[in-house]
Amino acid sequence: VMGNKSLFMEPDNFSTVQYMNEKSQINLLKFKEVFLRKLYKLNRNNVYLNIGTGGGHLEYVNRLMGDKIHITTVEWEKQYECFSKIRETLEIKVDYLCNNVLEKGFEINECKTRYDFMILERFFPIYGTMDKERIEFVLRQLAPYANKALIVDSESNWSKKQREYLDSIVNSRFHLADDWKCRSIRLDQFR
């Protein structure tokens, strides 16, 4: 991170500086275990597309747990380098790259499969807006790649208006830990 300061100072990448904190790394790994155990209990046969893989913590913990869940990784072209050293250390390979989901012409390069679920954990293109139209735009961009989206986030990241909107389009939700919840949303309503 410190070796490439200019990359981390870009607005889309600035929040990734938090990954320099050792405690953050440990907390990420612990949370991923909680999340994976929940997914495994719900349905171990689903196939997941993790968009915004970051450092690959979810994939790493899944491997430590015996690859119980089938997860394919996607990283943003713009953030690929930000997490490369963490992924290298954890021995995580990125399956697909994608461009910016906030721009028209979004594409997950070479992805021809429609997955059961797309994992959107702390996915700033959705929680970083108060605008219902932008949330719908992002979900419409993602709809060709999965049947459902799992939106995983702390309730404190959402405004009341955002929570109400998400709850109006959700088909199920479950508690993960503390104020962390996962909402499952059918993407066919955005195709």
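For this chain, numbers begin at 1 and follow the sequence in order.
Across all their heavy atoms, Leu166 and Ile135 have their closest contact at CD2-CG2, 4.5 Å. Smallest separation of non-hydrogen atoms from Ile126 and Arg134: N-NH2, 4.5 Å. Heavy atoms only, all atoms of each residue included: Asp167 and Val170 are closest at O-CG1, 3.3 Å. Shortest non-hydrogen contact noted between Pro125 and Leu102 is CB-CD2, 3.8 Å. Taking all atoms of both residues into account, the shortest heavy-atom contact from Glu107 to Asn99 is N-OD1, 2.8 Å.
With hydrogens and angles disregarded, no donor-acceptor distance shorter than 3.5 Å links the side chain of Arg186 to the backbone of Asn147. Under a 3.5 Å cut-off, the side chain of Asp178 and the backbone N or O of Trp180 do not form any donor-acceptor pair. Judged purely by atom type and a 3.5 angstrom limit, Glu121 has no side-chain atom pairing as donor or acceptor with the backbone of Ile151. Remark: the backbone N or O of Glu103 is paired with a side-chain donor or acceptor of Gln141 at under 3.5 angstrom. Within the 3.5 Å criterion, the main-chain N or O of Ser159 finds a donor-acceptor partner in the side chain of Gln162. No donor-acceptor pair under 3.5 Å is formed between the side chain of Glu164 and the backbone N or O of Lys161. Without hydrogens or angle criteria, Thr73 side chain to Lys93 main chain gives a donor-acceptor distance under 3.5 Å. The closest donor-acceptor contact from the side chain of Arg191 to the backbone of Ala143 lies under 3.5 Å.
Within 6.0 Å of the OH atom in Tyr60, the count of heavy atoms belonging to other residues, nucleotides or ligands does not exceed 12. Heavy-atom contacts from other residues, nucleotides or ligands closer than 6.0 Å to CD of Glu110 number 12 or fewer. Counting heavy atoms of neighbouring residues, nucleotides and ligands inside a 6.0 Å radius, atom CG of Asp179 exceeds 12 of them.
Between Lys181 and Leu176 there is no side-chain heavy-atom pair separated by less than 4.5 Å. Inter-residue side-chain proximity for Arg183 and Arg163 is flagged as met; some heavy-atom pair is nearer than 4.5 Å. Residues Leu36 and Lys68 fail the side-chain proximity criterion, which asks for heavy atoms closer than 4.5 Å. Residues Ile51 and Ile119 form no side-chain contact, since every pair of their non-hydrogen atoms from C-beta on lies 4.5 Å or further apart. Annotation: side chain of Phe31 is in contact with side chain of Val152 (closest heavy-atom distance under 4.5 Å). Counting heavy atoms from C-beta outward, Phe137 and Val101 have side chains that stay 4.5 Å or more apart.
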Next item on the list: Assess whether side-chain contact (heavy atoms from CB on, under 4.5 Å) is satisfied between Asn157 and Asp153, documenting all intermediate values.
Entry: CA-CA 7 Å; Asn157 262 352; Asp153 217 317; 2.7 Å; yes
Margin query: Let's go through Leu39 and Asn46 carefully: what are the C-alpha distance in whole Å and the side-chain angles of both, what is the deciding distance for side-chain contact (heavy atoms from CB on, under 4.5 Å) to 0.1 Å, and is it a yes or a no?
Written below: CA-CA 9 Å; Leu39 292 181; Asn46 286 326; over 6 Å; no
Next item on the list: Assess whether side-chain contact (heavy atoms from CB on, under 4.5 Å) is satisfied between Glu91 and Arg63, documenting all intermediate values.
Entry: CA-CA 10 Å; Glu91 298 178 351; Arg63 187 172 67 228; 4.1 Å; yes
Note to self: Assess the residue pair Lys148 and Asp188 against the criterion (salt bridge (charged side-chain N to carboxylate O under 4.0 Å, His left out)); give the C-alpha distance rounded to whole Å, side-chain angles, the decisive distance to 0.1 Å, and a yes or no.
What the structure shows: CA-CA 8 Å; Lys148 295 178 182 175; Asp188 61 353; over 6 Å; no
Note to self: Under the criterion side-chain contact (heavy atoms from CB on, under 4.5 Å), I'd like the reasoning laid out for Val94 against Val74: C-alpha separation, chi angles, the key distance, then a yes or no.
What the structure shows: CA-CA 6 Å; Val94 171; Val74 180; over 6 Å; no
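Legend: ring pair (Phe, Tyr, Trp, His ring centres under 6.0 Å) pairs involving residues 138-177, not counting sequence neighbours: none detected. Applying the ring pair (Phe, Tyr, Trp, His ring centres under 6.0 Å) test to residues at least two apart or on different chains, the pairs with a partner in residues 91-117 are Tyr48-Phe117.
Here the CE-CD1 distance, from Met118 to Ile185, works out to 12.5 Å after rounding to the nearest 0.5 Å. Lys41 contributes atom NZ, which lies 6.5 Å from atom NZ of Lys38 (distance to the nearest 0.5 angstrom). The distance from atom NE2 of His57 to atom CG of Leu28, rounded to the nearest 0.5 Å, is 5.0 Å. The distance from the CD1 atom of Ile26 to the CD atom of Glu22 is 5.0 Å, given to the nearest 0.5 Å. Within the model, atoms CD1 of Ile86 and OG1 of Thr53 stand 12.5 Å from one another, a figure rounded to the nearest 0.5 Å. Atom CG of Asn62 sits about 9.0 Å away from atom CD1 of Ile92, to the nearest 0.5 Å.
Side-chain contact check for Glu77 and Asn109: at least one donor-acceptor pair (N or O, by modelled atom type) lies under 3.5 Å. Between the side chains of Ser184 and Asn171, at least one donor N or O sits under 3.5 Å from an acceptor N or O. Side-chain contact check for Glu59 and Asn50: at least one donor-acceptor pair (N or O, by modelled atom type) lies under 3.5 Å.
Each of Leu150, Leu142, Leu49 was compared with Leu120 under the side-chain contact (heavy atoms from CB on, under 4.5 Å) criterion, and only Leu142 meets it.
Both cation-pi conditions hold for Arg44 and Tyr40: the charged atom is under 6.0 angstrom from the six-membered ring centre and inside a 45 degree cone around its axis.
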